[in-house]
Amino acid sequence: MSFFNNHEKSRRGLFPWPVIITYLFKIDSYKIPGIIDASGMTIDWQLTKQQNYSHKYRKDVYRSRINKAYEDLNEEDKLRVAFIICEELSHEGKIEQLDTNLRKIGWCIDQGILKPTTEDIYELFFSQGRQHDAYVKIKEIFHRAKKSIHVIDPYIDGSIFNLFVSDQKSLEIKLLSTKYPPDFLQEINKFHQQYRSIRIEARKSSDFHDRFIIIDEKECWHIGCSIKDAGNKAFMLSRIEDFRNVEELLQIIHSNWEEAHH
């Protein structure tokens, strides 16, 4: 699955923003600034007397300014804004028809949260307080592994073991971290005694700031927070689709693993 053919498809032809902003402007014009402010976008809400004459006039001005601010965002922030605005729209009761139209392009609204319905979508935003949703998704990624899992996370603790146990398939798991609890290596030994088909090894390296999950040496995910803290604050979970980035990341991880210590 190439970066351009699929990842760009999810961002261009299937990106949810055009649908979302259409439904944003179906609500009262006085409510629009509050919803946009919640997304973190900075908009000049000042209007002239003529621009403030009616809902229609206000919306025409707002639409132009919102779209301009949105286009100035980077790709990750664009998606983040789309997720937040959907959550805000869910409080306004503008969800049923929005959900129907989003499903046509591979997205849906599930309990007020924007989610992909197709594997063509490779980025997810988790707002603060969605610890369980984040846990389930990360566990789902781990369970795709058939041979190996690499986890690069500066702050790993024992909670990560709960993500590995699914069936008794043979797996090699490598954990690269800046620090872990004093009894972490002992916990690895206890885990291996119980689940002998799963081989886990942990090493320390301070060369990584970001967090990554590598599945079977080919599927790479970037995580915007430590796995143990996922959902405590808002974060992004993104699959890396550019094969050049994947290849370079794997080379760096392998090199660091060989140089890392226990």
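All heavy atoms count here, side chains included; hydrogens, waters and symmetry mates do not.
- A salt bridge links Arg144 with Glu140: the distance from a Lys NZ or Arg NE/NH1/NH2 to an Asp or Glu carboxylate oxygen falls below 4.0 Å.
- Within the 4.5 Å cutoff, side-chain heavy atoms of Arg211 are placed close to those of Pro154.
- Here CD1 of Ile84 is found 11.0 Å from CD1 of Ile20. Values are rounded to the nearest 0.5 Å.
- With sequence neighbours excluded, no residue forms a side chain to side chain donor-acceptor pair (under 3.5 Å) with Glu247.
- A tilted orientation is assigned to the rings of Tyr195 and Phe191, their planes being inclined by 30° to 60°.
- Here the shortest heavy-atom pairing between Ala230 and Ile138 reads CB-CD1, 3.9 Å.
- When the shell of 6.0 Å around CD of Gln46 is examined, it contains 12 or fewer heavy atoms from other residues, nucleotides or ligands.
- Figure legend: Lys204 and Tyr180 shown as a cation-pi pair, the cationic atom lying under 6.0 angstrom from the six-membered ring centre and within 45 degrees of its axis.
- The ring pair (Phe, Tyr, Trp, His ring centres under 6.0 Å) search around Trp45 returns Tyr62, not counting sequence neighbours.
- Annotation: ring pair (Phe, Tyr, Trp, His ring centres under 6.0 Å) contacts of Tyr135 (sequence neighbours excluded): none.
- Considering only heavy atoms from C-beta on, Lys26 stays 4.5 Å or farther from Leu98 through its side chain.
- Not counting sequence neighbours, Asp37 has no partner by the salt bridge (charged side-chain N to carboxylate O under 4.0 Å, His left out) test.
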Discussion item. Test side chain to side chain donor-acceptor pair (under 3.5 Å) on Trp107 and Asn101; report intermediate values, then the result.
Written reply: CA-CA 9 Å; Trp107 297 83; Asn101 283 279; over 6 Å; no
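- Put simply, the side chain of Ser197 does not reach to within 4.5 Å of the side chain of Leu171, judged on heavy atoms.
- No side-chain donor from either of Glu259 and Trp257 sits under 3.5 Å from a side-chain acceptor of the other.
- Note that CD1 of Ile85 and CD1 of Ile66 are 7.0 Å apart. Values are rounded to the nearest 0.5 Å.
- When side chains are defined from C-beta on, Ile214 does not count as touching Val246, because their heavy atoms never get closer than 4.5 Å.
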field: Test side-chain contact (heavy atoms from CB on, under 4.5 Å) applied to Ile156 and Ile227, step by step
entry: CA-CA 7 Å; Ile156 290 177; Ile227 293 172; over 6 Å; no
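- In this structure, Phe161 and Ile200 have side chains that are in contact, with non-hydrogen atoms separated by less than 4.5 Å.
- Looking at Asp99 and Arg103, a side-chain N of the basic residue comes within less than 4.0 Å of a carboxylate O on the acidic one, giving a salt bridge.
- Between the CZ atom in Arg130 and the CZ atom in Phe235 there is a gap of 8.0 Å [rounded to 0.5 Å].
- The aromatic rings of Phe164 and Phe142 sit parallel, their planes meeting at an angle under 30°, below the 60° perpendicular limit.
- Here the NZ atom belonging to Lys56 is positioned 4.0 Å from the CG atom belonging to Asp60, to the nearest 0.5 angstrom.
- One finds a salt bridge joining Arg80 and Asp77 here, because a Lys/Arg side-chain nitrogen approaches an Asp/Glu carboxylate oxygen to under 4.0 Å.
- Annotation for Trp221 and Arg239: closest pair CE3-N, 3.4 Å, computed over non-hydrogen atoms.
- For the atom pair Leu237 CG and Ile213 CD1, the distance stands at 7.0 Å (nearest 0.5 Å).
- Contacts of Glu71 classified as salt bridge (charged side-chain N to carboxylate O under 4.0 Å, His left out), with partners at least two apart in sequence or in another chain: Lys78.
- Taking each heavy atom of Met41 and Leu73 in turn, the nearest pair found is SD-CD1, 3.9 Å.
- In this structure, His192 has no ring pair (Phe, Tyr, Trp, His ring centres under 6.0 Å) partners at least two apart in sequence or on a different chain.
- In this structure, the side chain to side chain donor-acceptor pair (under 3.5 Å) partners of Ser29, at least two apart in sequence or on a different chain, are His55, Arg58.
- The side-chain hydrogen bond (donor to acceptor under 3.5 Å, both in side chains) contacts involving residues 146-155 comprise Asp153-Ser226, where partners must be two or more places apart or lie in separate chains.
- Judged by distance alone, the side chains of His254 and Glu217 do bring a donor and an acceptor atom under 3.5 Å apart.
- With sequence neighbours excluded, the residues that form a ring pair (Phe, Tyr, Trp, His ring centres under 6.0 Å) with Tyr57 are Tyr53.
- When all heavy atoms are compared, the tightest approach of Ile215 to Ile141 is CD1-O, 3.5 Å.
- For the pair Ile36 and Leu24, the minimum side-chain heavy-atom distance is below 4.5 Å.
- Ile188 and Ala202 make their closest contact through CD1-CB, 3.6 Å (heavy atoms, listed as atom of the first residue, atom of the second, distance).
- A search for side chain to side chain donor-acceptor pair (under 3.5 Å) contacts involving Asn245 returns nothing, not counting sequence neighbours.
- No donor-acceptor pair under 3.5 Å is formed between the side chain of Ser255 and the backbone N or O of Gln251.
- Put simply, the side chain of Leu114 does not reach to within 4.5 Å of the side chain of Glu87, judged on heavy atoms.
- The salt bridge (Lys or Arg N to Asp or Glu O under 4.0 Å) pairs that include a residue from residues 171-195 are Glu172-Arg199, where partners are two or more places apart or lie in different chains.
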Working note: Leu79 + Trp17, criterion side-chain contact (heavy atoms from CB on, under 4.5 Å); need CA distance, chi angles, decisive distance, verdict.
CA-CA 8 Å; Leu79 193 61; Trp17 177 253; over 6 Å; no
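- A donor and an acceptor atom, one from each side chain of Asn232 and Gln128, are nowhere located under 3.5 Å apart.
- Ion pairing of Lys233 with Asp229 is absent here, as no side-chain N (NZ or NE/NH1/NH2) approaches a carboxylate O to less than 4.0 Å.
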* Would you please test Lys59 and Ile32 for side-chain contact (heavy atoms from CB on, under 4.5 Å) and show each step? => CA-CA 9 Å; Lys59 287 181 179 181; Ile32 291 174; 4.2 Å; yes
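- When atom types are taken as modelled, the side chain of Asp157 and the backbone of Ser159 share a donor-acceptor pair closer than 3.5 angstrom.
- Residue Tyr30 belongs to no hydrophobic cluster, having no ILVMFWY side-chain heavy atom closer than 4.5 Å to its own.
- For Gln193, the CD atom sits in a packed shell: over 12 heavy atoms of surrounding residues, nucleotides or ligands are nearer than 6.0 Å.
- The CD atom of Glu201 sits 9.0 Å away from the CG atom of Leu175 when rounded to the nearest 0.5 Å.
- Checked by atom type and distance alone, the side chain of Asn256 pairs as donor or acceptor with a backbone atom of Ile252 at under 3.5 Å.
- Residues Lys137 and Phe126 are in side-chain contact: their nearest non-hydrogen atoms beyond the backbone lie under 4.5 Å apart.
- Nearest heavy-atom pair, Ile109 versus Cys86, reported as atom, atom and distance to 0.1 Å: CD1-SG, 3.7 Å.
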